[in-house]
Amino acid sequence: MREVAAGSRLPSQVLDDPRMVEACRVRDFGAIFMLVRRAGIYPSRIARLCEMTPSRVSEVIAGKRTLNQIGVIERVADGLGIPGNMLGLAARTWESSTDPAAQDLAAAGETQCRVIPPPSQQIVVPADDGGDEALELKRELLAATSADSTVASLYSTQVDTMRKLDRQLGAERLLPQLQEQILQMENLLRYGTAAGAREALAGALTEAATLAGWQALDLGRYKVAWSLHETAKSAAREAGSPALLAHATAQQAYVLLDLGEPADAVKQIRFAREQGGRAMPPLMESWLYAAEAEAHAAAQNEVACRLGLERAEAVRPADPSDPTLPFLFLAGSHLDRWRGNCLATLGADEGLEDLTAALSSMDMSGFTRAEAGVRCDLAVVLARKGEFAEAQKQAVRAQDLAALTSSVRQRRRIAQVLSSTAV
């Protein structure tokens, strides 16, 4: 067990953060490293302190790798100065042994407490690395000072490009890039931006984090997805955008749906819609009603589901496109697709008409994941009608499309459909 340089200890506000306490309790090192990164400690430095490679740290942050070996966990505790009891370890040798109260708490195994080192040890910048840290901080401050509304616009353009690539290519290769972009925007907000630019930058961050949250969910990384949606919600509040906040809040409910908690998902989507109130653009209101209908379908609440679909159709604007909401697609074929999915989930054969219409009229170019979803829903309805050969044909095509986007959640569902349509 190596001794820890005082300068590598995390500041108390990071260790006391409830998110850090919870992340340590469940040993979610992706969340731990993300919080450490937000405190201004770069992945390259995390790697040095924890005796890991930078690429491994990046993979942990992206949710592509987990840390389970006790020796590695101890290196993280010692490298970052995380008290042993926070990670379910024995007290580390570098922890203060002069405080009787701290010794009593450690002996009692309290996981929510932290042994606070003496003030002389709570140094954020080490003497032997202070030059690098000072230069990094100066760069951050200079970048933040230089950021104006043009920078926010550039980030928004990048997010829109990523969104288009995501629909066609999937999330596996795009998520790490988007997460890095999110960190850059968070840094600009943390260190201050030019007057009048914060709201625009926060809006761009909201869209980026919401998209990244959806990507993480599509890859089956539920904790990462939930955390990214929390980032999006916080940014939406700073942006002062009820519509963006409602979208991030409602989309987060899809994590609950995937976890088999449809009743909670209904409550969260309804809260998002009611919280937005009259400030919601018609297109967003229509999307929220449709999302709530999908959650009701998952809960097998047919009456509520059909009512939600009717309301989504009733409030949808004649021109279902809004340049301020580039992430919403509710043209006729898209809403047909959504209705067909809900009816297929409810076991209603009439969903076949909506799904067939959506597949024939919808421009699927650039919507690979959406087409996979439509064909999977078609397979479900066809199998229920006893048309197993056609159902399997649609499911196999859906499987091929899902493979292109590396969609874990779609492939999981399609595998279930294929097993039920085997002839």
Side-chain angles (χ1 to χ4, degrees), residues 34 38 62 144 147-171 173-190 193 196-219 221 224-255 268-269 272-273 275-276 279-288 290-291 320-330 334 366-367 369-370 405:
M34 185 71 76
R38 290 174 181 172
D148 55 18
S149 57
T150 303
V151 172
S153 178
L154 290 172
Y155 274 122
S156 292
T157 300
Q158 289 180 351
V159 173
D160 191 53
T161 300
M162 295 285 270
R163 186 181 295 116
K164 293 174 182 176
L165 290 171
D166 170 73
R167 290 196 298 266
Q168 188 165 1
L169 304 178
R173 293 181 179 85
L174 299 176
L175 180 57
Q177 301 175 43
L178 194 54
Q179 285 180 299
E180 183 58 35
Q181 187 172 318
I182 289 168
L183 289 174
Q184 293 171 9
M185 285 188 276
E186 286 183 314
N187 274 346
L188 290 178
L189 285 173
R190 178 181 302 110
T193 61
R198 286 191 67 87
E199 291 79 5
L201 187 58
L205 174 57
T206 303
E207 291 191 37
T210 305
L211 173 59
W214 184 257
Q215 290 180 333
L217 175 61
D218 198 45
L219 295 172
R221 299 172 190 169
V224 175
W226 190 269
S227 178
L228 284 165
H229 281 97
E230 287 297 318
T231 298
K233 285 154 62 178
S234 296
R237 294 185 187 100
E238 180 155 2
S241 173
L244 290 179
L245 178 57
H247 181 241
T249 303
Q251 186 177 280
Q252 188 181 42
Y254 279 85
V255 180
Q268 179 150 334
I269 298 171
R273 178 171 53 79
Q275 186 181 44
M280 289 295 97
L283 186 63
M284 178 60 73
E285 188 177 8
S286 179
W287 183 89
L288 289 167
S321 62
D322 186 335
T324 66
L325 304 171
F327 42 85
L328 296 186
F329 298 90
L330 283 182
H334 286 278
F367 288 90
R369 186 189 287 114
T405 61

Could you tell me the separation between the [atom1] atom of [X] and the [atom2] atom of [Y], rounded to the nearest 0.5 Å?
{"X": "Gln181", "Y": "Gln184", "atom1": "CD", "atom2": "CD", "value": "6.5 Å"}
{"X": "Leu188", "Y": "Leu183", "atom1": "CG", "atom2": "CG", "value": "11.0 Å"}
{"X": "Met284", "Y": "Leu325", "atom1": "CE", "atom2": "CG", "value": "5.0 Å"}
{"X": "Gln251", "Y": "Ile269", "atom1": "CD", "atom2": "CD1", "value": "10.0 Å"}
{"X": "Leu174", "Y": "Leu211", "atom1": "CG", "atom2": "CG", "value": "8.0 Å"}
{"X": "Ile182", "Y": "Leu228", "atom1": "CD1", "atom2": "CG", "value": "5.0 Å"}

side-chain hydrogen bond (donor to acceptor under 3.5 Å, both in side chains) partners of [X], counting only residues at least two apart:
{"X": "Thr324", "value": "Asp322"}
{"X": "Gln268", "value": "Gln252"}
{"X": "Thr157", "value": "none"}

inquiry  = Considering only residues two or more places apart or on different chains, which pairs with a residue in residues 176-189 satisfy salt bridge (charged side-chain N to carboxylate O under 4.0 Å, His left out)?
reply    = Arg38-Glu186

query = Would a 4.5 Å heavy-atom cut-off, applied to side chains only, mark Leu175 and Arg221 as touching?
reply = yes

ask   = Is Pro242 close to Met280 at the side-chain level, that is, under 4.5 Å between some pair of heavy atoms?
value = yes

request  = Take Asp160 and Lys164 through the test side chain to side chain contact (heavy atoms under 4.5 Å, CB included) and record every step on the way to the result.
outcome  = CA-CA 6 Å; Asp160 191 53; Lys164 293 174 182 176; 3.3 Å; yes

key: Residue list, ring-ring contact (aromatic ring centres under 6.0 Å, His included) with Tyr155, at least two apart or on another chain   = none

task = For His229, enumerate each residue passing the ring-ring contact (aromatic ring centres under 6.0 Å, His included) test, keeping only those at least two apart in sequence or located in another chain.
result = none

query = So Tyr254 and Trp287, would you call those rings parallel, tilted or perpendicular, with 30° and 60° as cut-offs?
reply = tilted

Nearest non-hydrogen partners of Pro326 and Pro323, listed with the distance = CD-O, 3.6 Å

request  = Indicate yes or no for a side-chain donor-acceptor contact from Ser156 to the backbone of Ala152 under 3.5 Å, with no hydrogens or angles considered.
outcome  = yes

task = State whether the side chain of Arg273 and the backbone N or O of Ala246 hold a donor-acceptor pair below 3.5 Å, judged by distance alone.
result = no

Donor-acceptor pairs under 3.5 Å, side chain of residues 203-210 to any protein atom, not counting sequence neighbours: which ones?
from   : atom 1 : to     : atom 2 : distance (Å)
Thr206 : OG1    : Ala202 : O      : 2.8
Thr206 : OG1    : Ala236 : N      : 3.0
Glu207 : OE1    : Arg163 : NH2    : 2.8
Thr210 : OG1    : Thr206 : O      : 2.7

